[in-house]
Each structure stands twice: as C-alpha cells, then as structure tokens.
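Taking it in order: structure first as structure tokens, then the write-up.
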Amino acid sequence: MPAHSLADALVPWYRRSARDLPWRHENFSAWGTLVSEFMLQQTPVARVIPLLETWLKRWPTPTDLADAPAAEAVTHWANLGYPRRALWLHRAAVQIRDHHGGVVPRDVDDLLALTGIGDYTARAVAVFAYGDRHPVVDTNTRRVLARALNGTAHPGPAHRRDLEQMEAELPESAAEAALMNAAAMELGQVVCTARSPRCGECPVRDMCAWVAAGSPATPDTRKKQAAYEGSDRQARGRVLRALRDAAPEPVPHDAILIDWPDAGQRDRAFLSLLADGLIESDGDVFFLPR
DNA sequence: CAAGCGTGGCT
DNA sequence: TAGCCAAGCTT
C-alpha cells in the first residue's frame, strides 16, 4: 500500500535506518538533550559526540554546571566553535537551578525564556526529551519540506510559517510525531542533503514535488559566509584560545595576538569579547569570566 | 530583518 | 586548492 503522507513514508524509514546517536538512547536525560542541542547548533554531529560525553561526565546535572565558574564552561567548550554558546549554556543552567528547581523545563515558553534557546532548541527539548507534540524545524527539515512539498531546491528564509507547515505533517500521536520530527531532520542530513541529494535512496522520492518538477535549480537565498582567514572572528578565536590554554591563569594583553597585522582589528577583538562577557580584564591582564 | 558569530572536514 | 557547509541564536 502506497504511503499517502510524508509521515507514512518517513517514519517507517526512520525506524529502519536511524543512526545510533547518544541523544537517541533510551535513558538519555533531558539535561543531556539540552546540552547536545546547544552543541549541535551549527556544529556537525561528529564533532559534538566526544565533547558531549566529556561535558556530561563533568556536569551530570544543570546544577553541577551552574555551580561551576563560567570560565570552566568556556574552557571545556574547547574547539567546538561559537563559544558564546558555552556562556549561554552556563547561564541557562543557572536559570534552571534558580528558577526551575534544577530540572530542565518541559514547557516550550519556559524553555524559550532560557538564554541561548530559540524556536528550534526549545521544541527539540520538549519533543525529544519529554515526548510532547510540537513541530521541530531545523535547517534540514526546512530543506526537506521545501523539496518534498514546495518543489524548490532550497528553502526560503526561515519563517514562522515553517513551524505551521511541519505541524500539518505531524501524526496525531505524540510518540509518532516525535519520530516524524526526527525523521525529517535525519533525511535532510543523510539523504536530502543541500548539495548532492541522494534521491536514489530517498523513501519520499515518489511523492517529492521537487523530483516531480524535474529537480529544477531554484534560487538559494542563503547568505554566503564571509571569509574566515583574516576576519574579526578569527582574531576573536585566537584571543579566546590563548585564554583557554592558560586558564585559570590570566594572560597579559601584550602576550595575545602578538603577530596580528591589523592593530585596529586586534582592539576590536578584545572589545567585542569583553562586550559579550566572554573575557574579562583587570589592568593589563585578561581572563575568562568567573 | 540582516548581520555577526568558530572551527574543521569535505569536495 | 579554496570555497562550501554544519541539529541556530541574539541583537
């Protein structure tokens, strides 16, 4: 019998072929889910897995992390990238300790109120950790919906409309809906990829609007990333790495970014990191936030 | 709403 | 090789 909905095709495919990932294990905690979702924001799965293990061993509960200095969170974020996430995760842990009795909230609005949590992460926690029924929409899901339902090669800019479109595809039961959410993300990551989709392996191919239209090249509205070499981001990364490597010892201003060619950019790096709260200073030395 | 924010693997 | 890209969020 042919599948009549996206879920009819995707959920069985997911049950059959989902990868074995730590956060999909039966007894994975809500805190573990929250930490993994922070780490997975713009960082590939393969780089997250080893560090996630380190973090959860060190800080098994939100209160464990909240009780530690923010500097330790930033230090142990290591080279995951976007270190503001480490700071935000620490702040979220403090909020959970102080306002939620040390228990990761289940309510989407409560989750949205935590630092560093937006539409995606809030619903991911509510759905994957607590089994509630909400649409979970990440960049993979947006691409799957764009192709399978809208017939375009790329999704448009992220929009609240995406949540409503995914909501309409969810099965009635919360458990099946959770599988559907995970399945759409999984398909986008391993089959319906951005550059070279493997349509020959796709469980949704026979109902895909984009394939039916002849897989046309449609406009890609995503903004291109600025070059990293010589960028402000690279300068910030160098500063933070120097402080991580020395932590908890402070580092003199003159010992950081010594050979950086652009003095103005060097100043900008320190100032923006201070503004972000990722570094602090005392006289002419810098250190990670206490 | 567009811009800014890290890092490393893959093509 | 050099660019492209990755489970987003905040301002």
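Only heavy atoms go into these numbers, but all of them, side chains included; no hydrogens, no water, no symmetry mates. Numbers restart at 1 for each chain; the letters A, B, ... are given by sequence-line order, proteins then strands.
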**Message:** One thing to verify: whether R290(A) and E280(A) come together as a salt bridge, which I'm taking to mean a side-chain N less than 4.0 angstrom from a carboxylate O.
**Reply:** no
**Request:** Between W88(A) and H159(A), just flag the one whose closest nucleotide in DNA chain B comes earlier from the 5' side.
**Result:** H159(A)
**Request:** Assess whether one donor atom and one acceptor atom, taken from the side chain of Q225(A) and the base of dC5(C), lie less than 3.5 Å apart.
**Result:** yes
**Request:** For L240(A), answer base if it contacts any base atom (sugar-phosphate contacts may also be present), sugar-phosphate if it contacts only those atoms, and nothing otherwise; contact means non-hydrogen atoms under 4.0 Å.
**Result:** nothing
**Asked** Quick one: D220(A) CG to dC4(C) C1', roughly how many Å, whole number?
**Response** 11 Å
**Asked** Quick one: D162(A) CG to dC9(C) P, roughly how many Å, whole number?
**Response** 13 Å
**Length of the line joining Q95(A):CD and dC9(C):C1', which is rounded to integer Å** = 14 Å
**Request:** Under 4.0 Å between any heavy atoms, over every strand shown, what does A158(A) touch: base, sugar-phosphate, or nothing? Just pick one.
**Result:** nothing
**Asked** To the nearest Å, how far apart are W77(A) CH2 and dG8(C) C1'?
**Response** 12 Å
**Asked** Quick one: on DNA chain C, does E186(A) or T115(A) contact a more 5' nucleotide (nearest heavy atom)?
**Response** E186(A)
**Item:** Side-chain N or O of Q42(A) closer than 4.0 Å to phosphate OP1/OP2 of dG8(C)
**Value:** yes
**Pairwise ring pair (Phe, Tyr, Trp, His ring centres under 6.0 Å) hits with a residue in residues 246-290 of chain A, at least two apart** = H253(A)-F270(A), H253(A)-F286(A), F270(A)-F286(A)
**Request:** Answer with base, sugar-phosphate or nothing: what part of the nucleic acid does D119(A) contact at a heavy-atom distance below 4.0 Å?
**Result:** sugar-phosphate
**Message:** Tell me which pairs pass ring pair (Phe, Tyr, Trp, His ring centres under 6.0 Å) where either residue lies in residues 41-90 of chain A, with sequence neighbours left out.
**Reply:** W55(A)-W59(A), W55(A)-W77(A), W59(A)-H76(A)
**Asked** Using a cut-off of 4.0 Å on non-hydrogen atoms, how would the nucleic acid contact of Y228(A) be classed: base, sugar-phosphate, or nothing?
**Response** base
**Asked** Does anything in residues 191-249 of chain A pair up under ring pair (Phe, Tyr, Trp, His ring centres under 6.0 Å), and if so which pairs, sequence neighbours excluded?
**Response** none
**Item:** Sidechain N-carboxylate O distance under 4.0 Å for E167(A), R133(A)
**Value:** yes
**Message:** With heavy-atom distances below 4.5 Å as the criterion, would you say the side chains of P83(A) and L278(A) are in contact?
**Reply:** yes
**Message:** Need to verify one output field. Residue with the more 5' nearest nucleotide on DNA chain B, R195(A) or G237(A)?
**Reply:** G237(A)
**Request:** Let me know the distance between CG of L89(A) and P of dG8(C), rounded to the nearest Å.
**Result:** 16 Å
Hey, can you pull the donor-acceptor pairs under 3.5 Å for the side chains in residues 153-164 of chain A, sequence neighbours left out?
from, atom 1, to, atom 2, distance (Å)
H159(A), ND1, R161(A), N, 2.9
D162(A), OD2, R142(A), NH1, 3.1
D162(A), OD2, H159(A), N, 2.9

**Fill in**
When rounded to whole Å, the CE to P distance for the pair M39(A) and dC9(C) reads 16 Å
**Prompt:** When you compare dT11(C) with dG6(B), how far apart are their P atoms, in angstrom units rounded to a whole number?
**Reply:** 14 Å
**Request:** For Q189(A) and dC5(C), give me the distance from atom CD to atom P, rounded to whole Å.
**Result:** 15 Å
**Request:** Rounded to the nearest angstrom, tell me the gap between atom CD in E37(A) and atom P in dG8(C).
**Result:** 9 Å
**Fill in**
Bounded by its outermost nucleotides with an atom under 4.0 Å from a heavy atom of chain A, the footprint on DNA chain B reads dA3(B) to dG8(B)
**Request:** Check every strand shown and say whether S231(A) touches a base, only sugar-phosphate, or nothing at a heavy-atom separation below 4.0 Å.
**Result:** nothing
**Request:** Answer with base, sugar-phosphate or nothing: what part of the nucleic acid does T139(A) contact at a heavy-atom distance below 4.0 Å?
**Result:** sugar-phosphate
**Complete:** Whichever of G118(A) and R47(A) has the more 5' nearest nucleotide on DNA chain C, that residue is R47(A)
**Message:** For a quick check of understanding: with a heavy-atom distance under 4.0 Å over all strands, which category does P157(A) fall into, base, sugar-phosphate or nothing?
**Reply:** nothing
**Request:** With the side chain of K224(A) defined as its heavy atoms from C-beta on, choose the nearest nucleotide among dG8(C), dT10(C), dC4(C).
**Result:** dC4(C)
**Message:** Suppose clustering is done on Ile, Leu, Val, Met, Phe, Trp and Tyr with side-chain heavy atoms closer than 4.5 Å. Which residues sit in the same group as L112(A)?
**Reply:** V108(A)
